[in-house]
Amino acid sequence: MTRKIWTILVAGALATIAFDLFGQGISPFFGFAKLAPAGLANGTLNTVFGSVPKGSGDILHILTGMFVYTLGYLLVARPIQQKIVPSLQWAITAVVYGIGLWVFALYGVAHLIAGNKPFLGFTGITWVALWGHVIYALVAVYILEKRPHLK
């Protein structure tokens, strides 16, 4: 059980680092939009709770990446994929899961909860976020799928 928890944490941590590296470093370096996931998380928390202490958005972003999204794959996406197309290669499942995370984040959270335009108005940040969530999923799922004790 400890190995499973450790693997989930490592997968989520490395995937979150990859997401942030791409969205806050690589993308703007090449002239594309810069993601602000902690800002979005902070805005969402402010909408739900009124006001929150500084750093709350960072905490939510990191915990979501380390726990929620990795558990979402293990408890929702993978079981659905195994029932529908059990022979599907893990990378395809990861890409589809990443797109699902993008829809959840930019429509479910940013729009329905925080009150922003759907998919943040389909601006440059929308497409950087899509790639960021797919990168996140590929990193996390690779680690999760390569650990035999999680199968």
Under 3.5 Å, which donor-acceptor pairs do the side chains of residues 115-124 form with other protein atoms, sequence neighbours left out?
residue : atom : partner : partner atom : Å
Asn116  : ND2  : Ala110  : O            : 3.2
Thr123  : OG1  : Leu120  : O            : 3.4

Only distances under 3.5 Å count here; give the side-chain donor-acceptor pairs of residues 17-36 to other protein atoms, sequence neighbours excluded, each with its distance to 0.1 Å.
residue : atom : partner : partner atom : Å
Asp20   : OD1  : Gln24   : NE2          : 3.0
Asp20   : OD1  : His61   : NE2          : 2.9
Asp20   : OD2  : His61   : NE2          : 3.1
Ser27   : OG   : Ala33   : O            : 2.6

- Query: Roughly how far, to the nearest 0.5 Å, is the CG atom of Leu144 from the CD1 atom of Ile8?
  - Reply: 7.0 Å
- Query: Is there any side-chain hydrogen bond (donor to acceptor under 3.5 Å, both in side chains) pair reaching into residues 46-55, and which pairs are they, with sequence neighbours excluded?
  - Reply: none
Ignoring hydrogens and angles, write down the donor-acceptor pairs under 3.5 Å from the side chains of residues 65-75, residues two or more places apart or on other chains.
residue : atom : partner : partner atom : Å
Thr70   : OG1  : Met66   : O            : 3.1
Thr70   : OG1  : Phe67   : O            : 3.0
Tyr73   : OH   : Glu145  : OE2          : 2.5

- Which atom pair, heavy atoms only, marks the closest approach of Ala11 to Ala140? CB-O, 3.8 Å
- Can you list the residues that meet the side chain to side chain contact (heavy atoms under 4.5 Å, CB included) rule with Val10, with sequence neighbours excluded? Trp6, Leu14
- Any donor-acceptor N/O pair, Thr16 side chain to Gly12 backbone, under 3.5 Å: yes
- Query: Listed by chain and number, what are the side chain to side chain contact (heavy atoms under 4.5 Å, CB included) partners of Val134, not counting sequence neighbours?
  - Reply: Val95, Ile99, Leu130, Leu138
- All heavy atoms of Gly57 vs all of Ala41, minimum pair found to be O-CB, 3.4 Å
- Mind checking the CG-CD1 spacing from Leu40 to Ile125? Nearest 0.5 Å is all I need. 8.5 Å
- Task: Please round to the nearest 0.5 Å and tell me the distance separating atom CD of Gln82 and atom CG of Leu88.
- Result: 9.0 Å
- Under the side chain to side chain contact (heavy atoms under 4.5 Å, CB included) rule, collect the residues that match up with Ile80, sequence neighbours excluded. Val76, Ile84
- Name all residues meeting the side chain to side chain contact (heavy atoms under 4.5 Å, CB included) criterion together with Val96; count only those two or more places apart in sequence or in a different chain, and write none if there are none. none
- Could you note down all residue pairs passing side-chain hydrogen bond (donor to acceptor under 3.5 Å, both in side chains) where residues 89-105 supplies at least one of them, sequence neighbours left out? none
